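Report on the following structure.
Remember, predicted model here, so these are calculated numbers, not experimental data.
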Amino acid sequence: MYKAASLLLLFSATALTAQQIPTEPFDIIITHGHIIDGTGSPWYSGDIGIRAGHIAAIGSLAAAPRKQTIDAGGKVVAPGFIDMLGQSELTMLVDARLPSKIYQGITTEVTGEGDSAAPLSPAMIAADHNSYAHLKINPDWTTFREFFARLERQGMGINLASYVGETSVRRMILGDADVQPTPAQLDRMRGLVRQAMEDGAVGLSTSLQYAPAPYAKTEEIIAMAAEASKFGGIYATHMRSEGDQILDSIDESARIGREAHIPVEIWHLKAAGKANFGRMPQIVDRIEKARASGVDISANTYAYTAWFNTFSAFIPPWAHDGGDDKLIARLKDPATRARIRADMLNPKGDWDNEWQEVNGPQDILIAVVQDPELVPLQGKRLSEVAAMWKEDPIDALCDILIKDKAFTMVAVFGMDEPDVTLALKQPWVSVDNDSSGASTDGILGTEHPHPRAYGTFPRILCKYVREEHALTLEDAIRKFTALPAQRMRFTDRGVLKQGMWADVVIFDPATIRDLATFEQPNQLSEGMSYVLVNGVPAIADGKMTNVLAGKVLRGAGYDAR
């Protein structure tokens with residue numbers, strides 16, 4: 001497929017005859033660029049004509065009328081980047097421009113990791129009040145149809161697609177308790193998946209490390225995924241284990257794909273924890289064997305050695321039964337807290353124990369808090385906080401969760417660089433940001449996110465392409481564009497080709513770079529000269545235009561009604 005597309009592009013890059021030159025002006029013509037089309041093919045020269053948001057022509061357009069010319073001046077012209085897990089469904093309501101994304105060249109984001117923006121119930125909104133209050137958002141929707149409508153009314157800086165989260169579906173029917181659905185309840189859950197797919201969701205997702213998701217049995221997930229499959233959906237997963245039990249988790253993911261007849265995408269592939277350093281070859285081999293057996297399974301990565309998640313994930317799943325209020329009550333109870341501590345200190349437990357995956361509290365960075373009194377902790381290691389509070393690190397962890405009502409987010413340094421590089425190099429691995437869109441000012445500017453929020457895609461171009469030569473430039477761009485578009489079935493994006501939507505980036509591969517660090521994460525990446533979203537410049541001459549040209553990208557099962 002890629003070869004055919006590349007040949008078509010090369011053919012269309014020849015000079016147009018006088019009879020072929022259009023009389024209707026193009027909105028924009030991009031000239032003098034090195035076109036890397038997304039397929040993995042080498043660059044070629046040519047002009048790109050854009051009209052009505054689409055690529056209308058590729059060739060020699062020197063004589064063609066146009067409203068605007070963008071001189072790429074020998075820079076790379078490529079498709080806009082696709083973030084395979086973006087987490088911006090709520091922060092897009094805070095700052096619709098999403099500067100942290102657009103300065104990376106991201107023009108499309110896929111989101112909805114287990115917990116999705118919809119479906120929502122009054123009980124869920126009440127239980128998650130702290131999260132909405134933190135962002136000053138009024139959740140005035142209950143379905144994806146209503147949520148997408150709100151995004152479209154407001155305007156969007158980039159395109160957005162969303163999975164329906166199995167956690168959200170489960171919470172709608174079962175709440176946050178460690179219970180199993182009755183046949184009638186399972187039927188209602190299927191109905192919610194069906195409604196979400198008809199509203200435009202692109203598939204079903206799970207995030208099986210975070211309660212109440214671990215309470216779901218494989219059979220329940222298969223039933224939900226099979227429903228999504230009927231509507232052309234995809235199953236995406238933060239697997240049950242990314243550490244000691246990762247091979248079992250890959251097998252579970254493959255089983256879900258096989259029995260639900262649905263493609264599988266593994267989010268943020270990693271070998272987590274010090275005991276698993278060097279295991280990426282085994283992980284790759286297990287996925288390759290699943291693919292060889294006929295399971296359509298692939299993955300993505302953000303290519304950093306620290307992950308980012310809720311601090312409460314350090315607490316064993318049983319202590320989350322009933323939701324955050326019950327968790328906090330257990331942390332306050334001395335006897336229950338002692339049991340939690342014992343489970344965390346047990347290296348042979350049957351859960352993904354993050355305390356056992358790091359070398360110590362110095363590997364845990366406090367990132368985002370809600371309680372104003374805890375804001376000075378942002379950017380500090382847990383070891384520093386424990387010393388400040390004159391506490392044992394596990395007690396400091398528990399007390400932070402109590403004070404912050406289990407809201408806190410942390411960066412956890414628990415991966416090995418060779419594993420990260422090997423994952424990134426796999427031909428079936430695309431790229432995800434795994435962070436919500438951020439900004440250097442406003443509410444979002446007060447947070448201390450993982451630097452990947454601002455730097456993932458430029459960092460790969462700088463570190464893994466330009467400096468380490470782990471990837472070629474063409475293959476990196478394929479991982480950013482055509483590969484994720486193929487997986488997500490975005491048939492009109494991801495490749496520079498006549499008729500496609502004009503999501504386009506222009507950058508100098510010799511200078512593009514990330515600036516965000518773990519110490520100072522709120523720094524925009526540098527090097528994007530132009531970023532076009534649906535044919536409209538969101539960045540022009542290196543500066544954000546504040547134009548909101550993004551669209552909701554709905555799945556194949558969408559019922560427009």
Side-chain angles (χ1 to χ4, degrees), residues 85 110 112-116 118-119 144 162-199 201-242 245-269 283 286-287 289-300 317 350-352 487-489 555-557:
L85 178 57
V110 185
E113 187 189 5
D115 272 311
S116 49
F144 269 112
S162 182
Y163 292 93
V164 56
E166 211 273 343
T167 298
S168 295
V169 170
R170 178 171 241 274
R171 294 180 75 201
M172 285 284 291
I173 305 302
L174 304 174
D176 292 309
D178 183 359
V179 296
Q180 299 306 306
T182 65
Q185 289 171 326
L186 197 64
D187 246 12
R188 292 168 61 195
M189 292 165 70
R190 285 195 192 96
L192 289 171
V193 173
R194 184 163 55 251
Q195 179 185 357
M197 297 300 293
E198 291 175 344
D199 285 353
V202 293
L204 179 84
S205 70
T206 55
S207 189
L208 294 170
Q209 187 177 348
Y210 308 122
Y215 309 145
K217 307 296 185 188
T218 307
E219 291 74 18
E220 175 185 320
I221 300 168
I222 291 170
M224 299 300 106
E227 199 65 38
S229 178
K230 296 174 185 176
F231 296 86
I234 299 150
Y235 171 64
T237 181
H238 174 146
M239 295 187 296
R240 214 174 284 272
S241 173
E242 298 176 317
Q245 305 304 317
I246 189 168
L247 299 183
D248 292 339
S249 291
I250 292 169
D251 290 346
E252 180 188 39
S253 302
R255 178 191 166 195
I256 292 165
R258 188 179 298 110
E259 296 187 20
H261 306 288
I262 193 168
V264 177
E265 180 74 7
I266 297 173
W267 273 323
H268 42 65
L269 184 67
I283 293 166
R286 188 62 63 97
I287 294 172
K289 285 178 178 174
R291 290 178 59 82
S293 75
V295 178
D296 183 1
I297 183 169
S298 57
N300 52 68
D350 59 355
W351 58 294
D352 218 25
R487 165 49 87 216
M488 298 309 305
R489 299 167 175 174

Run the side chain to side chain contact (heavy atoms under 4.5 Å, CB included) test against [X] and tell me which residues pass, sequence neighbours left out.
{"X": "Ala226", "answer": "Ala260"}
{"X": "Ala556", "answer": "none"}
{"X": "Glu252", "answer": "Leu208, Thr218, Arg240, Ile256"}

Checklist line | Heavy-atom side-chain proximity of Phe144 to Ser162 below 4.5 angstrom | finding: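 Yes. Closest side-chain heavy atoms under 4.5 Å.
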Notebook entry, point to check: If you look at every heavy atom in Pro317 and Tyr215, which pair is closest and at what distance?
Noted result: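 The pair with the smallest heavy-atom distance is O-OH, 2.8 Å.
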Notebook entry, point to check: Hey, is Glu220 close enough to Arg190 for a salt bridge, meaning N to O under 4.0 Å?
Noted result: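 Looking at Arg190 together with Glu220, the answer is no, because their closest N to O distance does not fall below 4.0 Å.
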Next item on the list: Verify whether one side chain among Thr206 and Glu166 offers a donor that lies under 3.5 Å from an acceptor in the other.
Entry: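 Side-chain D/A pair, Thr206 to Glu166: absent.
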Next item on the list: Go through the side-chain N and O atoms of Asp352 and Ser241 and say whether any donor and acceptor fall under 3.5 Å apart.
Entry: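 Judged by distance alone, the side chains do pair up.
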Next item on the list: Evaluate the criterion side chain to side chain contact (heavy atoms under 4.5 Å, CB included) for residue pair Val193 and Met189; output intermediate values, then yes/no.
Entry: CA-CA 6 Å; Val193 173; Met189 292 165 70; 5.9 Å; no
Next item on the list: Taking Tyr210 for its side chain and Asp115 for its backbone only, find out whether a donor-acceptor pair lies under 3.5 Å.
Entry: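 No; zero donor-acceptor contacts below 3.5 Å.
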Item checked: Worked check of side chain to side chain contact (heavy atoms under 4.5 Å, CB included) between Glu265 and Thr237 -> CA-CA 6 Å; Glu265 180 74 7; Thr237 181; over 6 Å; no
Next item on the list: Quick one: do Glu113 and His268 satisfy side chain to side chain contact (heavy atoms under 4.5 Å, CB included)? Show the steps, please.
Entry: CA-CA 11 Å; Glu113 187 189 5; His268 42 65; 3.2 Å; yes
Next item on the list: Show your reasoning for whether side chain to side chain contact (heavy atoms under 4.5 Å, CB included) applies to Val264 and Asp296.
Entry: CA-CA 6 Å; Val264 177; Asp296 183 1; over 6 Å; no
